[in-house]
Amino acid sequence: MYDACAVACLLEPDLFDMTKAFVDVEIAGELTAGCTVVDLKGYLKREPNATVTTGVHADRFCDWFMDGIAHCA
């Protein structure tokens, strides 16, 4: 459902819980190179540079998704 969630986040953002956070990609780590680092608690004391989805209202999302599928038939 990742693709459907991404589309829903753009079309129906109220289906999701979102917060501003600092996000970076680790490039120097031996074990973590390429990993995304999301500082939700502000430990790094950096300005937020992204909006991060932290939750989905699952019942409402499923209703939205199934309604969309029904209109395709």
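Quick note: residue numbers are just sequence positions, from 1.
- Between W64 and F61, the angle of the ring planes lies from 30° to 60°, which puts this pair in the tilted group.
- When all heavy atoms of F65 and A4 are compared, the closest pair comes out as CE1-CB, 3.6 Å.
- Open room surrounds CD1 on I27; 12 or fewer heavy atoms of other groups in view lie less than 6.0 Å from it.
- Both V23 and L40 are part of a single hydrophobic cluster, where members link through side-chain heavy atoms under 4.5 Å apart.
- If you chain together hydrophobic residues whose side chains sit under 4.5 Å apart, M18 and L10 never meet in one group.
- Crowding of R46 atom CZ: a count of heavy atoms from other residues, nucleotides or ligands under 6.0 Å not exceeding 12.
- Rounded to the nearest 0.5 Å, atoms CG (D59) and CG (D63) are 7.0 Å apart.
- No donor-acceptor pair under 3.5 Å is formed between the side chain of E30 and the backbone N or O of T32.
- Using a 4.5 Å cut-off between side-chain heavy atoms of Ile, Leu, Val, Met, Phe, Trp and Tyr, with links allowed through other members, V25 and V52 fall into different hydrophobic clusters.
- R60 and L15 make their closest contact through CB-CD2, 3.6 Å (heavy atoms, listed as atom of the first residue, atom of the second, distance).
- Counting all heavy atoms, side chain and backbone alike, D14 lies closest to H57 at O-CD2, 3.7 Å.
- For the atom pair C35 SG and D24 CG, the distance stands at 12.0 Å (nearest 0.5 Å).
- For the atom pair NZ of K20 and OG1 of T51, the computed distance is 3.0 Å after rounding to the nearest 0.5 Å.
- Under the 4.5 Å side-chain heavy-atom criterion for ILVMFWY residues, a single connected hydrophobic cluster contains both V7 and I69.
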